[in-house]
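See below for the structure under consideration.
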Amino acid sequence: MTNFVEELRWRGMLQDIMPGTEEKLNEGMTSGYIGFDPTADSLHIGHLTQIMTLIHFQRAGHKPYALVGGATGMVGDPSGKSDERNLQTEEIIDVYLAGMKRQLAKFLNFEEGGNGAVMVNNADWFKDMNLFTFIRDIGKHITVNYMMAKDSVKRRLEGDSGLSFTEFCYQLIQGYDFYYLWKNKNCVVQMGGSDQWGNIVTGTELIRRKDAGTAFAITTQLIKKADGTKFGKTESGAVWLDPEKTSPYKFYQFWLNASDEDTKKWIRIFTLKTQQEIEALEVAHDAAPHLRVLQKALAEDITVRTHSAEALETAVKTSEFLFGNGSLEFFKTLSEAQVLEIFEGIPQFPISKAELAEGIDAATLLAEKSSVFASKGEAKKLIQGGGVSINKEKLKEPSDKLSTNDLLSGCFIIVQKGKKNYYLLIAG
């Protein structure tokens, strides 16, 4: 066994830890859990810190439980929220849970026995519990004064939107999750983000008051970006773990484009590289920052773990195609949907396939049949200066004819102005 807490500590992940927790974990294999509420049909990279925590927990020789909140997902946790989130139906939550289970299985070893991970759903123990049973057997152990003292409750009560009774009950419900798993699965440790400390401690308090038991708590730091923007968000929205919602290429690009300051933190949190490996990469990066050694190591590691080695290869080849000397042959292997995904956010212009079949000179195509250039004069000038490429081949003359023979995958022409300005012509 290895020291799980020390692993979190050197990686810069540890935030709060209840006294005695590290000693308990060092005694031998211990069961612990983290909860994931189903707020969408996919997890996103905001969940990765907790996924990595469970990975380190299992690698240290402990038994991880991943709790999916089929019940709590119908209520909504007020921690870290300024408004109450929309309540979902059971049918939608079932769809969300199925997606979460598939994704978590890619990160954890769910083999039976030993320290194999176990997935549990709190709907299984809440579905037959009525209100009177809950307030009699659980509610009487935790005072309103105790619940009101929680920072997450205070912030909402002081805010404009207030706090519904539904959300107010959340910490009791999560506390019972901990009690149930402690009582029935011998889970003595709950882990989570630092915004969960109040909810987790409510669980340890319920265990103490109801059964005179002892349980422990660990929280990890919330991830922030150096520039102050929210981690996991891009201009187009959240970065999802589902390849249908965020392509492996875009996922790879998110990590590849991280700042040096962020990458030096994130490579410790989101990879399994050793301290020595990371320090060696940092030395190499500092010697030649323009090569982005750290960013590439981070992006490659997390893309393979989240998707696959094949997905990483496609993402790298796509990046090389767009920003380097990638092969046109690779582009021809992409489906129409993949092409449109790659060029999302890049200017696209429809052109007539019938007109293209008759042949159109480059200057006319780029300035009149599309709006790559504002005028034919501007197009001619840059083409003559060697600054325009069609399908990765430099145009020689403004009068060069383009036809349907130049279409890739039967409908695309890739135009490049300079080194980084791309346009996509779509023939129809």
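Just so you know, these numbers use all the heavy atoms, side chains as well, and skip hydrogens, waters and symmetry mates.
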*Has the side chain of Asn184 got a donor or acceptor atom that lies under 3.5 Å from a matching backbone atom of Tyr180?*
yes

*asked:* Quick check against the 3.5 Å criterion: does Lys225 have a side-chain atom that pairs as donor or acceptor with the backbone of Asp262?
replied: no

*How close do His307 and Ala311 get, heavy atom to heavy atom, and via which atoms?*
CB-CB, 3.6 Å

*With a 4.5 Å heavy-atom cut-off, do Phe373 and Leu382 have their side chains touching?*
yes

_Using a 3.5 Å distance criterion without hydrogens, assess whether the side chain of Ser247 forms a donor-acceptor pair with backbone atoms of Pro243._
no

_From CG (Leu425) to SG (Cys411), nearest 0.5 Å_ = 11.0 Å

*Considering residues, nucleotides and ligands other than Lys273, do more than 12 of their heavy atoms fall under 6.0 Å from its NZ?*
yes

_Whether His44 and His47 hold their rings parallel, tilted or perpendicular, with breakpoints at 30° and 60°_ = tilted

*Could you pull out all residues at least two apart from Asp260 that satisfy side-chain hydrogen bond (donor to acceptor under 3.5 Å, both in side chains)?*
His285, Gln295

_If you apply the rule side-chain hydrogen bond (donor to acceptor under 3.5 Å, both in side chains), what do you find for Glu7 with Thr2, and how did you get there?_
CA-CA 8 Å; Glu7 186 77 16; Thr2 58; 5.5 Å; no

*Would you please name every residue forming a ring pair (Phe, Tyr, Trp, His ring centres under 6.0 Å) with Phe231, sequence neighbours left out?*
Trp266, Phe270

*Please report the shortest heavy-atom distance between Leu54 and Ala66, naming the atom on each side.*
CD1-CB, 4.2 Å

_Given 3.5 Å as the limit, does a donor-acceptor pair link the side chain of Arg292 with the main chain of Leu256, or not?_
yes

*Test Lys183 against Asp211 for side-chain contact (heavy atoms from CB on, under 4.5 Å), laying out the working first.*
CA-CA 9 Å; Lys183 185 85 170 175; Asp211 278 15; 2.7 Å; yes

*Please examine the side chains of Gln50 and Thr53, heavy atoms only from C-beta on, and report whether any two atoms are closer than 4.5 Å.*
yes

*asked:* Contact between Thr271 and Ile302 at the side-chain level, heavy atoms closer than 4.5 Å - yes or no?
replied: no

*Mind running side-chain hydrogen bond (donor to acceptor under 3.5 Å, both in side chains) on Thr220 and Gln15 for me, showing each step along the way?*
CA-CA 5 Å; Thr220 54; Gln15 178 72 28; over 6 Å; no

_Cation-pi check, Lys296 onto Tyr252 ring (under 6.0 Å, within 45° of axis)_ = no

*asked:* The test is side-chain contact (heavy atoms from CB on, under 4.5 Å); show your working for Leu25 and Phe216 and say whether it passes.
replied: CA-CA 10 Å; Leu25 290 170; Phe216 302 92; over 6 Å; no

*Using a cut-off of 6.0 Å, state whether more than 12 heavy atoms not belonging to Arg102 lie near its atom CZ.*
no

*Does Asn199 reach the main-chain N or O of Gln174 with its side chain, forming a donor-acceptor pair under 3.5 Å?*
no

*Just do the side-chain contact (heavy atoms from CB on, under 4.5 Å) check on Val189 and Thr30 with the steps written out, would you?*
CA-CA 8 Å; Val189 181; Thr30 305; 4.1 Å; yes

_Would the distance check show the side chain of Lys63 and the main-chain N or O of Met29 forming a donor-acceptor pair, the cut-off being under 3.5 Å?_
no

*Can you name the nearest heavy-atom pair linking Pro347 to Tyr422, along with the distance?*
CD-O, 3.6 Å

*Counting only N and O atoms by type, is there a donor-acceptor contact under 3.5 Å from the side chain of Asn391 to the main-chain atoms of Ile414?*
yes

*Could you go step by step and tell me if Glu320 and Lys317 meet the salt bridge (charged side-chain N to carboxylate O under 4.0 Å, His left out) rule?*
CA-CA 5 Å; Glu320 289 174 349; Lys317 285 183 176 178; over 6 Å; no

*Distance-only side-chain donor-acceptor flag, Gln221 / Ser194, under 3.5 Å*: no

*Within a radius of less than 6.0 Å around CD of Glu111, do more than 12 heavy atoms belonging to other residues, nucleotides or ligands occur?*
no

*Fit a plane to each ring of Tyr423 and Phe349, take the angle between them on a 0 to 90° scale, and name the class: parallel (under 30°), tilted (30 to 60°) or perpendicular (over 60°).*
parallel

*asked:* Looking at Ser31 and Cys187, would you say the former's side chain and the latter's main chain have a donor-acceptor pair under 3.5 Å?
replied: no

*Inspect the surroundings of CD in Glu244 and state if more than 12 heavy atoms from other residues, nucleotides or ligands are less than 6.0 Å away.*
no

*Verdict with reasoning, Thr219 to Met191, per side-chain contact (heavy atoms from CB on, under 4.5 Å)*: CA-CA 5 Å; Thr219 61; Met191 298 160 281; over 6 Å; no

*Hey, is NZ on Lys224 packed in by over 12 heavy atoms from elsewhere, all under 6.0 Å?*
no

*asked:* Any heavy-atom pair between the side chains of Asn3 and Glu22 that's under 4.5 Å?
replied: yes

*asked:* Test your reading of the model: is there a side-chain donor-acceptor pair from Asn121 to the backbone of Gly70, 3.5 Å cut-off?
replied: yes

*Just wondering, are more than 12 heavy atoms of other shown residues or ligands nearer than 6.0 Å to CD in Glu277?*
yes

*Should we count CD of Glu393 as having more than 12 external heavy atoms under 6.0 Å?*
no

*asked:* I need the Leu407 CG to Ile426 CD1 distance, nearest 0.5 Å.
replied: 11.0 Å

_Looking at every non-hydrogen atom in both residues, tell me the closest pair between Ile269 and Arg11 and how far apart they are._
CG1-O, 3.8 Å

*Do you know which of Leu366, Ile383, Val372 makes side chain to side chain contact (heavy atoms under 4.5 Å, CB included) with Lys417?*
Val372

*asked:* Main chain of Leu43, side chain of Gln103: is a donor-acceptor contact present, judged purely on distance under 3.5 Å?
replied: yes

_Would you say that Leu206 contacts Phe178 through its side chain, given a criterion of any heavy-atom pair below 4.5 Å between the two side chains?_
no

*asked:* If you define the side chain from C-beta out and look only at heavy atoms, does anything of Val201 sit under 4.5 Å from Met18?
replied: yes

*Hey, could you give me the CG/CG distance between Leu340 and Leu424, rounded to the nearest 0.5 Å?*
7.0 Å

*Hey, could you give me the CZ/NE2 distance between Phe57 and His62, rounded to the nearest 0.5 Å?*
5.5 Å

*Shortest non-hydrogen contact between Ser319 and Gln253, atoms and distance*: OG-NE2, 2.6 Å

*Any side-chain heavy-atom pair from Ile173 and Phe126 closer than 4.5 angstrom?*
yes

*Can Tyr96 and Asp37 be counted as having a side-chain donor-acceptor contact under 3.5 angstrom?*
no

*Can we say Glu205 and Arg208 salt-bridge, meaning some charged N sits less than 4.0 Å from an Asp/Glu carboxylate O?*
yes

_Derivation and outcome, side-chain hydrogen bond (donor to acceptor under 3.5 Å, both in side chains), residues Trp255 and Asp301_ = CA-CA 10 Å; Trp255 304 103; Asp301 189 286; over 6 Å; no

*Would you call Tyr179 and Thr204 a side-chain contact if the rule is heavy atoms closer than 4.5 Å?*
no

_Pair His56 + Phe4: ring centers closer than 6.0 Å_ = no

